[in-house]
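Written out below as structure tokens is the structure these notes cover.
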Amino acid sequence: MTDLSTLKVPGPTAIALTQPFWDAAAEGRLVIPHCRACDQSFFYPREICPHCWADAWDWRQASGQGRLTSFSRVWKPGHPGWAPAAPYAVGLVALAEGPVMLSHILSPEPAVGMALTLAPTDIGGRVLPAFRPA
């Protein structure tokens, strides 16, 4: 497997709304928005809760546990910086807290339904949330 830390890939675009997510990721933690009005978590971060439309939410530590619901193996990346890592897998991870997030899957043989655990990974010089088999 390619050392992902050596890739020359563009990083995430952090804005004020998402900065706490990226700060936690840099520390190897996964935080997700949680609505104080309806008590549901959601992902991706946005101004209002997609469940009840309240703007009363905060960041909560996620367990880092989830299940793979779908994945794709990338053979020809859209950015040339990812070419040394191909083929690699990206997938939809249903977090134990409820939300689904897209992430890099660190498994040579991903399978739908596979239990996953958070694996903070240095990708191109930034620690990002990735997942590996539990």
Side-chain angles (χ1 to χ4, degrees):
M1 179 176 205
T2 301
D3 178 0
L4 300 177
S5 69
T6 64
L7 296 179
K8 304 291 186 228
V9 294
T13 300
I15 60 173
L17 178 69
T18 62
Q19 192 63 54
F21 175 83
W22 298 118
D23 290 345
E27 298 171 357
R29 299 182 302 113
L30 177 62
V31 296
I32 56 176
H34 184 86
C35 181
R36 294 187 307 268
C38 70
D39 198 32
Q40 293 195 58
S41 295
F42 56 94
F43 191 82
Y44 61 92
R46 56 200 102 174
E47 297 287 340
I48 61 173
C49 171
H51 304 289
C52 72
W53 293 28
D55 63 357
W57 62 268
D58 53 22
W59 293 97
R60 300 264 175 102
Q61 182 76 36
S63 67
Q65 303 304 306
R67 292 218 171 263
L68 188 60
T69 62
S70 180
F71 73 94
S72 180
R73 190 169 306 282
V74 178
W75 294 88
K76 186 174 180 181
H79 186 280
W82 282 98
Y88 58 90
V90 295
L92 294 175
V93 180
L95 300 174
E97 293 77 11
V100 175
M101 70 181 289
L102 180 67
S103 187
H104 195 86
I105 307 300
L106 303 172
S107 173
E109 294 298 326
V112 170
M114 169 185 280
L116 299 171
T117 192
L118 180 67
T121 303
D122 183 333
I123 299 176
R126 293 166 206 88
V127 177
L128 302 176
F131 288 83
R132 63 173 170 74

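All heavy atoms count here, side chains included; hydrogens, waters and symmetry mates do not.
In this structure Asp23 satisfies the side-chain hydrogen bond (donor to acceptor under 3.5 Å, both in side chains) test together with Gln19, sequence neighbours excluded. Not counting sequence neighbours, the partners of Asp39 by the side-chain contact (heavy atoms from CB on, under 4.5 Å) test are His34. Judged as a side-chain contact (heavy atoms from CB on, under 4.5 Å), and not counting sequence neighbours, the contacts of Ala37 are Cys35, Cys52, Ala54. Trp59 meets the side-chain contact (heavy atoms from CB on, under 4.5 Å) test with Pro20, Phe21, Val31, Pro33, Pro45, Trp57; sequence neighbours excluded. Checked against side-chain contact (heavy atoms from CB on, under 4.5 Å), Glu27 has the following partners two or more places apart in sequence or in another chain: Arg29.
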Anything under 3.5 Å between a donor and an acceptor, one on a side chain of residues 124-134, the other on a protein residue two or more places apart or in another chain? List them.
unit_1 : atom_1 : unit_2 : atom_2 : d
Arg126 : NH1    : Gly124 : O      : 3.3

Without placing hydrogens or testing angles, list every side-chain donor-acceptor pair under 3.5 Å for residues 93-102, not counting sequence neighbours.
unit_1 : atom_1 : unit_2 : atom_2 : d
Glu97  : OE2    : Ser63  : N      : 2.6
Glu97  : OE2    : Ser63  : OG     : 3.0

Taking only distance into account, with no hydrogens and no angle test, what donor-acceptor pairs under 3.5 Å do side-chain atoms of residues 110-117 form with protein atoms, sequence neighbours excluded?
unit_1 : atom_1 : unit_2 : atom_2 : d
Thr117 : OG1    : Gln65  : NE2    : 2.8

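Of the inter-residue distances, the one linking Cys49 atom SG with His51 atom NE2 reads 5.0 Å to the nearest 0.5 angstrom.
Grouping Ile, Leu, Val, Met, Phe, Trp and Tyr by side-chain contacts under 4.5 Å, direct or through others, puts Ile48 with Trp53.
With hydrogens and angles disregarded, no donor-acceptor distance shorter than 3.5 Å links the side chain of Ser107 to the backbone of Ile105.
Sequence neighbours left out, not one pair with a member in residues 82-96 passes side chain to side chain donor-acceptor pair (under 3.5 Å). A salt bridge (charged side-chain N to carboxylate O under 4.0 Å, His left out) check over residues 46-62, counting only residues at least two apart or in different chains, returns the pairs Arg36-Asp58, Asp58-Arg60. Residue pairs that meet the side chain to side chain donor-acceptor pair (under 3.5 Å) test with at least one member in residues 68-79, sequence neighbours left out, do not exist here.
The nearest pair of heavy atoms linking Gly28 to Leu118 is O-CD2, 4.0 Å. The shortest non-hydrogen separation linking Ala85 to Leu7 is CB-CD1, 4.1 Å. Between Leu30 and Gly64, the shortest heavy-atom contact is CD2-CA, 4.5 Å.
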